[in-house]
Amino acid sequence: MQQPVRIAPSILSADFARLGEEVRAISAAGADYVHVDVMDGHFVPNLTIGPMVVKALRPHTSLVMDVHLMISPADPYLDAFAEAGADILTVHPEAGPHIHRTVQRIKALGKKAGVSLNPGTPAKMLDYLIDDVDLVLVMSVNPGFGGQSFITGQLKKIEAIRKMIDKTGRAIDLEVDGGIDLITAPQAIAAGADVLVAGTASFRGGPDHYAANIAGLRG
Ligand code: DX5
Ligand code: ZN
């Protein structure tokens, strides 16, 4: 069942020189999750942050820390991110080598497990994982950078995954990431998404605008 829409601002678009403050501001502005994009310059062509930054940010918010691991391999870092205070750990199947084992490990650490599908990765990839995951993340851009345009073809995949999730009868989050704005947010929700990651659209205009930005995306 589609759950109420939650907004997950990606701190990739925050002011990195003032990250703690930014996390406090976006939390006070009505965000539901704080989305943390972890990139390794290898699985994706960009480098961002690691567990130390998650740990440093943890005291600045009581919201769910939604950590999106775009790193390969992810397994050696799961414990560190769990200890740093992540609530959800989301991994890409292509980061290898054993996605099911990775999901098992995340759950054994007491965290929620997410699986993320790149634009070229079929929904079918979830067939034997769906019963074990807490979140499915559909990438609506190729991962690596904020500020890209939403790939409309991914709406079909969101619809297909909504059906898969509903069949399980479990409350699995269906999250969409990339190019979410006032036009694409309603499209993603109509297709069945219930968590919207938004970097550019959340942080646009600075702290005075965060509450209105988030309210607008929620629709
Ligand atoms: C892309 C990241 C996204 C990105 C979204 O690899 O996973 O979370 O920051 O940024 P916007 O909302 O600007 O497309
Ligand atoms: Zn992300």
Side-chain angles (χ1 to χ4, degrees), residues 5-16 19 22-23 26 29 31-51 53-54 57 63-72 74 77 81 86-95 106 112-121 133-155 157-158 173-189 193-206 209-210 212-214 216-219:
V5 173
R6 282 141 301 151
I7 307 298
S10 163
I11 60 167
L12 195 58
S13 298
D15 179 350
F16 268 48
L19 262 190
E22 289 277 69
V23 165
I26 208 75
D32 299 284
Y33 295 175
V34 174
H35 187 84
V36 182
D37 286 307
V38 179
M39 305 185 186
D40 68 353
H42 158 73
F43 183 68
V44 291
N46 198 2
L47 275 170
T48 56
I49 62 178
V53 175
V54 172
L57 291 175
L63 298 183
V64 167
M65 287 259 240
D66 172 27
V67 177
H68 179 190
L69 298 176
M70 289 163 273
I71 60 176
S72 173
Y77 300 99
F81 280 104
D87 298 294
I88 304 172
L89 289 170
T90 297
V91 289
H92 285 251
E94 290 88 350
I106 294 170
K112 291 197 166 172
V115 169
S116 179
L117 304 185
N118 280 331
T121 303
V133 301
D134 303 294
L135 178 148
V136 175
L137 172 53
V138 175
M139 290 304 303
S140 40
V141 299
N142 282 295
F145 303 96
Q148 303 182 77
S149 301
F150 188 88
I151 302 169
T152 312
Q154 298 301 307
L155 289 168
K157 196 194 291 180
I158 297 167
D173 285 353
L174 178 43
E175 183 175 53
V176 180
D177 187 359
I180 291 291
D181 58 23
L182 294 176
I183 309 282
T184 56
Q187 295 172 347
I189 295 166
D194 50 20
V195 183
L196 305 179
V197 176
T200 309
S202 299
F203 286 93
R204 181 174 285 130
H209 297 263
Y210 295 169
N213 291 346
I214 289 170
L217 292 170
R218 210 184 290 281

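Both counts, for ligands and for their atoms, begin at 1 and track the order of listing. Numbering starts at 1 and runs along the sequence shown. From a predicted model like this one, the values you see are computed outputs, not experimental measurements.
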inquiry  = Side chains of Q154 and V176, heavy atoms from C-beta outward: is any pair under 4.5 Å?
reply    = no
ask   = Which atom, among the N/O/S set of D37, is closest to the Zn ion (ligand 2)?
value = OD1
ask   = Do S13 and ligand 1 have an N or O pair less than 3.5 Å apart?
value = no
query = Does F145 come within less than 4.0 angstrom of ligand 1, counting non-hydrogen atoms of the residue?
reply = yes
message = Any non-hydrogen side-chain atom of L182 less than 4.5 Å from a side-chain atom of L217?
response = yes
task = For atom 10 (O) of ligand 1, grab the closest protein heavy atom and report residue, atom and distance to one decimal in Å.
result = G146 CA, 3.5 Å
inquiry  = For a 4.5 angstrom cut-off between non-hydrogen side-chain atoms, does S10 reach F203?
reply    = no
inquiry  = I need the contact type for L12 against ligand 1. Using non-hydrogen atoms and a strict under-4.0 Å cut-off, is it side chain, backbone, both or neither?
reply    = side chain
message = Under 4.0 Å, counting heavy atoms only: does G179 come that close to any atom of ligand 1?
response = yes
query = Numbering the atoms of ligand 1 from 1, which are under 4.0 Å from a heavy atom of H35?
reply = 8 (O)
inquiry  = Checking contacts here: is it the side chain or the backbone of A198 that comes within 4.0 Å of ligand 1, counting heavy atoms only? Could be both or neither.
reply    = backbone
task = Flag G147 as yes when one of its N or O atoms lies below 3.5 Å from any N or O atom of ligand 1, and as no otherwise.
result = yes
ask   = What atom name does the N, O or S atom of D177 nearest to the Zn ion (ligand 2) carry?
value = OD2
task = Would you mind running through ligand 1 and noting each atom that sits below 4.0 Å from a heavy atom of G178?
result = 14 (O)
The Zn ion (ligand 2) - name of the N/O/S atom of H68 that sits closest to it = ND1
query = Do T48 and D37 meet the criterion of a side-chain donor-acceptor pair at a distance under 3.5 Å?
reply = no
ask   = Can you name the closest pair of heavy atoms from S116 and P93 and give their distance?
value = O-CD, 3.0 Å
remark   = Near H68 (heavy-atom distance under 4.0 Å), the atoms of ligand 1 are 7 (O)
query = If you take all heavy atoms of N213 and S202, which pair is closest and at what distance?
reply = ND2-O, 2.8 Å
ask   = Atoms of ligand 1 less than 4.0 Å from M70 heavy atoms?
value = 6 (O), 7 (O)
request  = May I ask you to check if ligand 1 and G144 share an N or O to N or O distance below 3.5 Å?
outcome  = yes
query = For ligand 1, is there an N or O atom under 3.5 Å from any N or O atom of N142?
reply = no
key: Any side-chain heavy-atom pair of I7 and L196 under 4.5 Å   = yes
request  = Please report which non-hydrogen protein atom sits nearest to atom 3 (C) of ligand 1, along with the residue it belongs to and the distance in Å to one decimal place.
outcome  = D177 OD1, 2.8 Å
ask   = Is the count of non-hydrogen atoms from other residues, nucleotides or ligands lying under 6.0 Å from Y77 atom OH greater than 12?
value = no
query = How about D134 and I106: do any of their side-chain heavy atoms sit closer than 4.5 Å?
reply = no
query = So does K112 pair up with D173, basic N to acidic O under 4.0 Å?
reply = no
Backbone N/O of M139 and side chain of D177: donor-acceptor pair under 3.5 Å = no
query = Which ligand 1 atoms does P143 reach within 4.0 Å, using its non-hydrogen atoms?
reply = 6 (O)
Minimum-distance pair of heavy atoms, taken over all atoms of A86 and V54 = N-CG1, 4.2 Å
task = Can you sort out which atoms of ligand 1 are near M39, meaning under 4.0 Å from one of its heavy atoms?
result = 6 (O)
message = What I want to know is whether G199 and ligand 1 share at least one N or O pair that is separated by under 3.5 angstrom.
response = yes
key: Subset of ligand 1 atoms that lie under 4.0 Å from at least one heavy atom of T200   = 11 (P), 12 (O), 13 (O)
query = Got R218 and D32 here, is their nearest side-chain heavy-atom distance under 4.5 Å?
reply = yes
key: Atom indices of ligand 1 within 4.0 angstrom of S10 heavy atoms, with elements   = 8 (O), 9 (O)
